[in-house]
Amino acid sequence: MALDGIVIAAMVRELNDCILGGRINKIAQPEPDELILTIKNGRVSYRLLLCADASLPLIYFTEINKPSPLTAPNFCMLLRKHISGGKITAIRQPGLERIIHFDIEHLNDLGDVCQKTLTLEIMGKHSNIIFRQEDMIIDSIKHISAQVSSVREVLPGRTYFIPDTQKKLDPLSVSLEDFTEAVTKKPVSLAKAIYTSFTGISPLIAEELCHRASLESSQSANSFSETELCHLFRQFELMTDSIKSCEFTPGIIYRGREPVDFSVLPLTLYSDLRREDFPSVSAMLESYYAVKNTLTRIRQKSADLRRIVQTALDRSRKKYELQLKQLKDTEKRDKYRIYGELINTYGYGVPEGAKSFEAVNYYTGETITIPLDQTLTPQENAKKYFDKYGKLKRTYEALSSLILETKEEIEHLASVETALNIALTEEDLVEIKEELTEYGYIRRRTSGKRVKVTSRPFHYISSDGYHMYVGKNNFQNEDLTFKFAVGSDWWFHAKGAPGSHVIVKANNEMPPDSTFEEAARLAAYYSSNRSAQKVEIDYVEKKHVKKVNGAKPGFVIYHTNYSMVIDSDISGIKQCR
């Protein structure tokens, strides 16, 4: 989990800087497992999101105010009764646990000063928000009974404690001896030994520590020397010193425009990828999960389409392999034709009942032995070979056509698969579904009319001010190239790979090299080869791109093209919204 104890430590520092001493102005519960606290500190108001969702527990400041239900849930009403208007007196994290305690001072019904604690536990499926007074649980956003957990009940009236089920060590106070013993006693890889031995250390940070120490993370922890472990502990100490002194640098690692990971510490293992720093942990988390949520949602929405495409691809690829095998079997057809010709030429001298005879192949000058059927005359043997030749020839001609059709179908489905990977909105999926319906992969349930499409190509502007357009799917590629672009515009596409058509509006000018490079990067990124370090791109003036009659949408031919090899990093290219 990327939201580890170190990120929580940075978040606690941010919370103390912003809302310590502030008063809780509003309490809302927009989701069953989510709270939004509006906290006023001085003249500034902060909106704090606390989420105990099992799949995505979170905490960060946000500007977004989600609509709440008309009738507030019981837990929300309880918090409003006790701590609305309360003052936040302390924000604490025990060790490097993924737990945050908010100590809140408020007045009870008699006007006496009381203190309560609101605890957020970010523990994956065990995440919870617990309201308590000292060690007694008043209530929680999720009730956990003994039937659900044998380790700890989370119910009103029960005693609150932090379960120590994994017996992990506190990384902020561990010694060299304890570190070495903890890491080497487990017969697992070095990275796993680290993150399973210490509280709040995620697999990502464990990999980073191994990388900083120049040790192989996948190697068994027992196999390292004392010197190597000392060096590893030194890197571990430098990391914990940064945590203790609150030297945090929130940042997200991107591959192209897709977020890969985030951290509040520098990550040297991602030195080949782009890192974007953020002014706060909240800004980092909100940005990261906004993009991740979008990608996850579209993945879920496109699951049915992906399954249809993958099933059709698997079927077509199996059919293609079988057809190629059958085609290989037809390679002997000319041999049978030659046998028939040689029997007709020299067969008059073959004795009756012969099993074979030798003849000079007048095509090559070599002497070959021709098998014969003893029960047939030479003329009948010749006819038998000509019949075999004719059958294999017809099979070859039919298979040649079928193989071409199957290959085109595979290429078409691969291009649809790439379009699904490019899609960012539900509108993008509508056009892909329409294409699959039009080509018979999905049965049309409504009238035969095409659905209304609101998805539009991506629009970028080069550093030199030229407009660049990227098709999201085959229909958009077709329209961009043959309806939108004019002859003097430039057309880009990844060589030999499914991907988007990229059009540069040239305005009857010759764009500079930098624009060509940026357009090529777009073609590389929006192709099936986007993960490769370098991608070969073909580019040509649009007037040289031709449509083949009867071809699938977006499939073109061109001959007088240029090529370049480039990376797929489009982070510096301006996108128009």
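Please read all numbers here as calculations on a predicted model, not as lab measurements.
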Under the salt bridge (charged side-chain N to carboxylate O under 4.0 Å, His left out) test, residues paired with [X] that sit two or more places apart:
X: Asp479; answer: Lys483
X: Lys384; answer: Asp373
X: Lys495; answer: Asp538

Kindly say whether the aromatic ring centers of [X] and [Y] come within a distance under 6.0 Å.
X: Phe386; Y: Tyr336; value: no
X: Phe357; Y: Tyr346; value: no
X: His459; Y: His467; value: yes

Rounded distance (nearest 0.5 Å) linking atom [atom1] of [X] with atom [atom2] of [Y]:
X: Ile338; Y: Tyr389; atom1: CD1; atom2: OH; value: 10.0 Å
X: Leu58; Y: Ile122; atom1: CG; atom2: CD1; value: 7.0 Å
X: Leu49; Y: Arg47; atom1: CG; atom2: CZ; value: 10.5 Å
X: Ile59; Y: Leu3; atom1: CD1; atom2: CG; value: 9.0 Å
X: Ser263; Y: Asp4; atom1: OG; atom2: CG; value: 7.0 Å
X: Leu313; Y: Ile410; atom1: CG; atom2: CD1; value: 7.0 Å

Looking at [X], I'd like to know if its [atom1] atom is crowded, meaning that more than 12 non-hydrogen atoms belonging to other residues, nucleotides or ligands lie closer than 6.0 Å.
X: Lys552; atom1: NZ; value: yes
X: Gln374; atom1: CD; value: yes
X: Lys574; atom1: NZ; value: no
X: Tyr562; atom1: OH; value: no
X: Glu509; atom1: CD; value: yes

Is a donor from one side chain sitting under 3.5 angstrom from an acceptor on the other, for [X] and [Y]?
X: Tyr385; Y: Glu341; answer: no
X: Glu431; Y: Asn473; answer: yes
X: His412; Y: Glu435; answer: yes

Determine the interplanar angle of the [X] and [Y] rings, folded into 0 to 90°, and report it as parallel if under 30°, tilted if 30 to 60°, perpendicular if over 60°.
X: Trp490; Y: Phe516; answer: perpendicular
X: Phe492; Y: Tyr539; answer: parallel
X: Tyr289; Y: Phe262; answer: perpendicular

Listed partners of His493 passing ring pair (Phe, Tyr, Trp, His ring centres under 6.0 Å), at least two apart:
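By the ring pair (Phe, Tyr, Trp, His ring centres under 6.0 Å) rule, His493 matches Trp491, His501.
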
Salt bridge (Lys or Arg N to Asp or Glu O under 4.0 Å) between Glu478 and Lys547, intermediate numbers included:
CA-CA 9 Å; Glu478 183 92 357; Lys547 174 73 175 176; 3.2 Å; yes

Short side-chain to backbone donor-acceptor contact, Lys543 and Val540, under 3.5 Å:
no

Do [X] and [Y] meet the cation-pi criteria used here (NZ or CZ under 6.0 Å from the six-membered ring centre, within 45° of the axis)?
X: Lys505; Y: Phe484; answer: yes
X: Arg274; Y: Tyr254; answer: yes
X: Arg333; Y: Tyr396; answer: yes

Contact list for residues 318-327, test side-chain hydrogen bond (donor to acceptor under 3.5 Å, both in side chains), sequence neighbours left out:
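Listed once each, the pairs are Gln323-Thr406.
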
Lys542/Asp489 under salt bridge (Lys or Arg N to Asp or Glu O under 4.0 Å): CA gap, chis, key distance, verdict:
CA-CA 6 Å; Lys542 183 266 166 187; Asp489 293 337; over 6 Å; no

Minimum heavy-atom separation for Ser400 to Leu327, with atom names?
OG-CD1, 4.2 Å

Exercise: identify the closest heavy-atom pair between Ser528 and Ala497:
OG-CB, 3.6 Å

According to salt bridge (Lys or Arg N to Asp or Glu O under 4.0 Å), does anything in residues 387-399 pair up with another residue at least two apart or in another chain? List the pairs.
Lys383-Asp387

For residues Asp261 and Arg275, determine if any side-chain heavy atom of one lies less than 4.5 Å from a side-chain heavy atom of the other.
no

